[in-house]
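I have placed the structure first, in the form of structure tokens, so that the comments after it can refer back to it.
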Amino acid sequence: MLVHAIPSNVGYEFAAEVRAGLAREGQKELPSKYLYDDVGSALFEVISHLPEYGLTRADERLLRRHADEIVDRVPGPVAVAELGSGSGRKTRWLLEAFCRRQRTSYYPVEISHSALVMCERELSDIDAISIVGFEREYLEGLLEVAAYRKPGQHLCVLFLGSTIGNFDRPAGVNFLAEVRCILQPGDSLLLGTDLEKSSSQLLRAYDDELGVTAAFNLNLLARVNRELDADFELSEFEHQARINPDARSVEMHLRSKRRQIVTIPSAEVVVEFQEGETIWTESSHKYSSEEIFETARQAGFRCEVQWIDEEWTFAENLLVGA
Ligand code: AVI
């Protein structure tokens with residue numbers, strides 16, 4: 001087993017994106033990728049255990065149930081690249097099945113250093129696995145993985161947990177098309193997508209009773225305070241989950257409880273908030289099972305098989321080059 005993290009160079013963009021997102025006219029916005037510092041990644045791990053949030057468990061159930069079937073459809077020898085590995089817990093089922101067949105290289109690509117460390121710790125006991133972690137943005141990391149693979153190895157890319165839902169639909173298609181461009185014949189993409197469900201179920205999932213999702217969201221302001229010396233008063237903002245029926249998404253916002261001014265010295269910006277004004281921090285788009293075939297087609301893939309969890313409607317989709 002080899003464990004090797006290639007350090008990140010993403011940090012310097014944070015200040016620029018915070019300035020751009022908060023100084024703009026109209027809806028203030030912060031990119032959801034910044035929710036995942038060490039504290040945010042740990043809070044997301046807790047969210048995945050909450051009774052109200054069944055998404056991660058559905059993903060894991062499908063991978064556990066269908067691991068052998070998925071592996072049978074992916075020609076070996078294989079290098080597995082995972083975009084956004086998180087703790088790696090749900091990936092274990094798949095990696096064990098790949099490694100039962102033959103020695104397998106696993107390349108988690110993560111912007112969160114702590115998640116990468118957690119993932120390597122979680123999976124390093126699997127027999128016949130070698131792990132090389134890439135602390136990178138997804139596409140940048142995938143390009144490096146593609147350059148790293150050995151001759152004859154097929155690449156199987158994992159994009160699980162419905163992270164695709166955090167892109168708006170056109171951006172999701174573009175992202176998949178970019179992944180497609182990096183792949184070669186015989187490569188594949190396993191895509192996890194959360195499916196549509198009732199508004200009440202979604203609001204419970206994204207505004208849980210314990211307040212873990214609220215803490216996950218508010219931590220973004222705490223991060224701006226920690227890393228950019230800002231003076232956000234956390235108690236003066238509140239978490240909000242909202243349904244956007246047109247986008248078929250659930251949104252997270254941070255709502256200012258009063259009129260206030262926040263200074264962010266390291267981003268060289270002073271921001272005024274009106275009472276009730278929000279910062280939009282994340283969207284989670286929900287898919288219909290049929291639409292995934294069309295989304296795959298638009299990105300240059302063919303959805304070969306789809307497995308659906310009925311307990312918490314969620315689909316695992318195996319995509320190959322069209
Ligand atoms: C990582 N991503 C798919 C999660 C989601 O459901 O959109 C992040 C999350 N946000 C709030 N709860 C979980």
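Whatever order the structure lists them in is the order used to number ligands and atoms, beginning at 1. All figures in this text were calculated on a predicted structure; none of them were measured in a lab.
- Considering backbone and side-chain atoms together, T163 places no N or O closer than 3.5 Å to any N or O of ligand 1.
- Using a non-hydrogen distance threshold of 4.0 Å, G161 registers as a contact of ligand 1.
- Those atoms of ligand 1 that come under 4.0 Å of a heavy atom in F216, given as number and element, are 10 (N), 11 (C).
- Proximity to Y53 (heavy-atom distance under 4.0 Å) selects the following atoms of ligand 1: 4 (C), 5 (C), 6 (O), 12 (N), 13 (C).
- Between E17 and K33 there is a salt bridge, since at least one side-chain N of the basic residue sits less than 4.0 Å from a carboxylate O of the acidic one.
- Of all the atoms in ligand 1, the ones that sit under 4.0 Å from a non-hydrogen atom of S284 are 5 (C), 6 (O), 7 (O).
- Less than 4.0 angstrom separates some heavy atom of Y36 from each of these atoms of ligand 1: 1 (C), 8 (C).
- Contacts between N166 and ligand 1 below 4.0 angstrom, taking non-hydrogen atoms only, involve the side chain exclusively.
- Near S162, meaning under 4.0 Å from any of its heavy atoms, are these atoms of ligand 1: 3 (C).
- Put simply, the side chain of N217 gets close to the backbone of H253: a donor and an acceptor are under 3.5 Å apart.
- For atom 10 (N) of ligand 1, the closest non-hydrogen atom on the protein side is E282 OE1, 2.8 Å.
- Annotation: Y206 places an N or O atom under 3.5 Å from an N or O atom of ligand 1; distance criterion only.
- Taking the six-membered ring for Trp and thresholds of 30 and 60 degrees, F159 and F175 have ring planes inclined between 30 and 60 degrees apart.
- Ring centers of F314 and Y287: at least 6.0 Å apart, outside the cut-off.
- Judged by distance alone, the side chain of T104 and the main-chain N or O of Q102 form a donor-acceptor pair under 3.5 Å.
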### Message
Determine whether S284 and N166 satisfy the following criterion, side chain to side chain donor-acceptor pair (under 3.5 Å), listing intermediate values before the conclusion.
### Response
CA-CA 5 Å; S284 290; N166 297 136; 3.3 Å; yes
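- Legend: residues meeting ring pair (Phe, Tyr, Trp, His ring centres under 6.0 Å) with F232, ordered by chain and number and at least two apart, are F237.
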